[in-house]
Number of protein chains: 2
Amino acid sequence: MTRVERLVGDFLRGRDQFASAQQIHALLREQGERAGLSSVYRALRALEQAGEVDALANEAGETLFRRCAADQHHHHLRCTRCGVSVDVAAPAVERWAERAAREAGFTLDHHTVELSGRCGKCARVP
Amino acid sequence: MTRVERLVGDFLRGRDQFASAQQIHALLREQGERAGLSSVYRALRALEQAGEVDALANEAGETLFRRCAADQHHHHLRCTRCGVSVDVAAPAVERWAERAAREAGFTLDHHTVELSGRCGKCARVP
DNA sequence: TTATCTGCAAACATTTTGCAGCGAG
DNA sequence: CTCGCTGCAAAATGTTTGCAGATAA
C-alpha cells in the first residue's frame, strides 16, 4: 500500500459522505498534505478494486467515492444538499431484480439502485 | 421543434437500444443526414427535458439515450453485449424506495434502478 | 542500487459554448 | 428583415497516461 493510498484511505475513513476525486484532492491539500491529483485518482482506483471504497456516478458524470462500513452488498441513500449518505440493505430488491431479469429472458450481471433526496436536517432548507 | 430535433427523434423512434450522442451523430451521418454534433447534443437535451427520451449514464460516464414507449415511470434492463433494452415496471420497488428513505429520515427526490446482463440471444456468447 | 511511487504536464474523451452564416417566416 | 437554428471550432470538464525525478526497500 502506497503513501497516497494510505492518505486517501485515512481521509475517507473519517467521512460519511461521497466525494469526487477532485474534492478529495483539494481537501487533502487544504489540510497541508502533499499529493498530486493523478496519484489521488490512482489511489482511488486501487482502493476501489480492493473493495475498500464504493464508487458511484453522479448525475453530472463525475465519479464519487466513499469508504463503506459494510462488507456485504448494499445500496446508498444520499442527501443531495449536504452529501451525507447512509447504506441501505435491500434483500427484497435483490430478489426482485433477479426475478425481473429472468422473466425477460436475461441473466443478470449487475444492478444499481441509488436513492437521493433530503436528509432530516436539510429537509426544509431551500 | 427544430429540424435536428425531429431528425434525432425520428431516428430514436426506430430503435430499442440506448445510444450515445456520438453514436447517434455518426449513424445519422452514415445514412446521409446532415447534422452537427453540437446540434445533436442540443436536440437530445431538449428531447430529454420534454420527456421524449430517457437518459442514463454509462459505466464509462457517457450519457445514453433512448426513446421510451411508456409514459409512466419505469426502469431499464439492458443487455451488455448487444445493447438491447427492455422497460421494467416495478411498483414494489418504488414503494420500497419510499419506505427506505422515510425510515432513514429522508424525503426521497429521485431514484435510479438499472439492471444489466445478457439477453436470451447473447446468453452463451463470450 | 533497483524497483516502485509520485507529480507534473500533456493527452484524451465527452460535452458545452461562442459566434458567424444560413434559412424560415 | 429578423430571429432562431445550425455547425464549426474553441473551451471546459473530468480522467488517464508518459516520463523524469524522488523515494523506499
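Letters A, B, ... are given to chains in the order of the sequence lines, protein chains preceding strands, and every chain is numbered from 1.
Distances shorter than 4.0 Å separate none of the side-chain N or O atoms of A:S38 from OP1 or OP2 on C:dC8. Distances shorter than 4.0 Å separate some side-chain N or O of A:R45 from OP1 or OP2 on D:dT17.
Between the CD atom of A:E59 and the P atom of C:dT14 there is a distance of 20 Å, given to the nearest Å. In this structure, the CE atom of A:M1 is 12 Å from the P atom of C:dC5, given to the nearest Å. B:N58 has its CG atom 18 Å from the P atom of D:dG14, to the nearest Å. When the C1' atom of D:dG21 is taken as reference, atom CZ of A:R34 falls 13 Å away, rounded to whole Å. What separates CD of B:E33 from P of D:dT6 is a distance of 13 Å, to the nearest Å. Here the P atom of nucleotide C:dA13 and the OH atom of B:Y41 are 13 Å apart, to the nearest Å. Between the C1' atom of C:dG7 and the CG atom of A:L28 lies a distance of 14 Å, rounded to the nearest Å. Nucleotide C:dT6 holds its C1' atom 12 Å from the CD atom of A:E5, rounded to whole Å.
Here B:T2 lies in heavy-atom contact (under 4.0 Å) with sugar-phosphate atoms only. Using a 4.0 Å heavy-atom distance criterion, A:S20 is classed as making no nucleic acid contact. When heavy atoms are screened at a 4.0 angstrom cut-off, A:R6 is found touching no nucleic acid atom at all. The residue B:R42 sits close to a base: some heavy atom pair falls under 4.0 Å.
Legend: ring pair (Phe, Tyr, Trp, His ring centres under 6.0 Å) pairs involving residues 17-45 of chain A, not counting sequence neighbours, sorted by first then second residue: A:F18-A:H76.
Relative to the side chain of A:R3, the nucleotides C:dG7, D:dG7, C:dT14 differ in distance, and C:dG7 lies closest. Taking the side chain of A:E62 as heavy atoms from C-beta on, and the options D:dT16, D:dG7, D:dG14, the nearest nucleotide is D:dG14. The listed nucleotides are C:dT15, C:dG7, D:dT16; the one nearest the side chain of B:L37 is C:dT15.
Listed here is the closest heavy atom pair of B:S116 and A:L108: O-CD1, 3.6 Å.
The local environment of CD in A:Q49 is sparse, with at most 12 non-hydrogen atoms from other residues, nucleotides or ligands closer than 6.0 Å.
B:R13 contributes no side-chain N or O that, together with a main-chain N or O of B:R67, makes up a donor-acceptor pair within less than 3.5 Å.
Considering B:E114, B:R66, B:R15 as possible partners of B:S85, the one that fulfils the side-chain hydrogen bond (donor to acceptor under 3.5 Å, both in side chains) test is B:R66.
Both B:A60 and A:A35 sit near DNA chain C, but only A:A35 has its closest nucleotide nearer the 5' end.
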